[in-house]
Protein chains: 2
Amino acid sequence: MGKLEEAIQQKDFIDPYHKAVVNLLFTHSYVVGYQNALLKPYDLSPEQYNVLRILRGQNGNPTTVSSIQERMLNKMSNASRLVEKLKAKGLVLREECPTDRRQVDVMISAEGLKLLEKLETRIQDSNKYYIKLSESEVRNLNMLLDKLRG
Amino acid sequence: MGKLEEAIQQKDFIDPYHKAVVNLLFTHSYVVGYQNALLKPYDLSPEQYNVLRILRGQNGNPTTVSSIQERMLNKMSNASRLVEKLKAKGLVLREECPTDRRQVDVMISAEGLKLLEKLETRIQDSNKYYIKLSESEVRNLNMLLDKLRG
DNA sequence: TATATTTTTATGTATATACATTAAATTCAA
DNA sequence: TTGAATTTAATGTATATACATAAAAATATA
């Protein structure tokens, strides 16, 4: 795969910033491709997997839909419908919040936890396989992405 | 925005590789948000804009749909329908390839070129505004993304 | 307290994506 | 040279995304 210019046969970028935008979009597609392939047998999308992880991070405390939305990777996505899908698969529990009836309490189910556990090592192996960077380079990349967003 | 852990209130990543995946998805959403906002008044999606740039890069030579597909940022997207949209807006020309009737020759139109030109400086300014990295950091990021894909 | 404003979730809708399938044209091979 | 295999583009379909709007409940204000 290698250099962006060769991968997409484009070389007339406005400047390195524009190239970075294209590079991010292209690398995103590369990563999501592997994620989809791994998660598809389990009938999960990458964002659904992420929401399950968000819920597990609550250590048993219920979370509202808006709180999930804030933490989602795709800000404009739709937490409500996503939770609905996960509930239909039995991976989360959803019930009216007793203190505020507008809100909805969402929790990961035992089945959801089991699925996450089953996926953990597969994902770890997969990530290391297709991310062709050393650990220090990955840390550097994380630092730059954090800084990029300011 | 800053550090990923704070931005999405998640800190239990499997390892730096997994964090990089999440960071890429999140940063992608950040970037695409700005791209959408900029392009929306012109009724273009980021990938449509990219295809126009691919076509301009051909310097007047027609390109086939499969060739566009290969160069697109989103490998699984649908070049055929995207070209159809751009044609409906008068931004590209499309006609049967004379030497191979399966193929379709696509070219950017004068109107398409004019639109790209109009967008150029806006995009350049916008990119520099929301990518909060120095030029050397951006180059470093591009290098790491290229290397990531191997 | 009654009404307006805000918050929270759900829904509507157009577009985009992922992926399978179809249809037509070309190339390959018996 | 005829039929099989391949290539190319288009279409079908389910899901996801972007964004507007609606509906219900809570809070603020007159």
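Heavy-atom basis, side chains included; hydrogens, waters and symmetry copies ignored. Note that the structure is a prediction, hence the values are computed from the model and not measured.
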* Asked: Nearest-Å distance, CG (A:Leu44) to C1' (D:dA16)?
  -> 14 Å
* Structure fact -> Closest heavy-atom pair, B:Ser77 versus B:Leu82, reported as atoms and distance to 0.1 Å, is OG-CD1, 4.3 Å
Could you go over nucleotides 6-13 of chain C and give all protein N or O partners under 3.5 Å, atom names and distances?
from: C:dT7; atom 1: O2; to: A:Arg102; atom 2: NH1; distance (Å): 2.9
from: C:dT9; atom 1: OP1; to: A:Val65; atom 2: N; distance (Å): 3.3
from: C:dT9; atom 1: OP1; to: A:Val104; atom 2: N; distance (Å): 3.3
from: C:dT9; atom 1: OP2; to: A:Ser66; atom 2: N; distance (Å): 2.6
from: C:dT9; atom 1: OP2; to: A:Ser66; atom 2: OG; distance (Å): 2.9
from: C:dA10; atom 1: OP2; to: A:Ser80; atom 2: OG; distance (Å): 2.7
from: C:dA10; atom 1: O5'; to: A:Ser80; atom 2: OG; distance (Å): 3.4
from: C:dT11; atom 1: O4; to: A:Asn78; atom 2: ND2; distance (Å): 3.1
from: C:dG12; atom 1: N7; to: A:Arg81; atom 2: NH1; distance (Å): 3.3
from: C:dG12; atom 1: O6; to: A:Arg81; atom 2: NH2; distance (Å): 2.3

* Structure fact -> Separation between OG1 (A:Thr121) and CD1 (B:Ile14), nearest 0.5 Å, reads 8.5 Å
* Any A:Asn36 side-chain N or O less than 4.0 Å from OP1/OP2 of C:dT17 -> no
* Structure fact -> B:Leu39 CG to C:dA16 P, in whole Å, measures 12 Å
* Whole angstrom is fine here: how far is it from OH in A:Tyr30 over to P in C:dT17? => 20 Å
* To do: Determine, for B:Arg149 against B:Asp146, whether the closest basic-nitrogen to carboxylate-oxygen distance falls under 4.0 angstrom.
  => yes
* Asked: Can you check whether B:Gln48 has a side-chain N or O nearer than 4.0 Å to OP1 or OP2 of C:dA16?
  -> yes
* Asked: Looking at A:Arg53, A:Lys89, A:Lys85, which one forms a side-chain hydrogen bond (donor to acceptor under 3.5 Å, both in side chains) with A:Gln48?
  -> A:Lys89
* Asked: Regarding A:Asn50 and A:Glu47, is there a side-chain donor-to-acceptor distance under 3.5 Å anywhere?
  -> yes
* Roughly how far, to the nearest 0.5 Å, is the CG atom of B:Asp105 from the CZ atom of B:Arg94? -> 12.0 Å
* To do: Using atom CG of A:Asp43 as one end and atom C1' of D:dA14 as the other, report the distance to the nearest whole Å.
  => 11 Å
* Show your working on ring pair (Phe, Tyr, Trp, His ring centres under 6.0 Å) between A:Phe26 and A:Tyr30 and close with a plain yes or no. => CA-CA 6 Å; A:Phe26 188 59; A:Tyr30 170 85; 7.8 Å; no
* Measure from CD on B:Glu47 to C1' on D:dT17 and round the result to the nearest Å. => 15 Å
* To do: Would you tell me if any nitrogen or oxygen in the side chain of A:Ser77 comes within less than 4.0 Å of OP1 or OP2 on D:dA16?
  => no
* Asked: Atom CG of B:Asn74 and atom C1' of D:dA16: how far apart are they, to the nearest Å?
  -> 12 Å
* Find the distance B:Lys40:NZ to D:dA20:C1' and express it as a whole number of Å. => 9 Å
* To do: Could you state the atom-to-atom distance from CD of A:Gln69 to C1' of D:dA18 in whole Å?
  => 11 Å
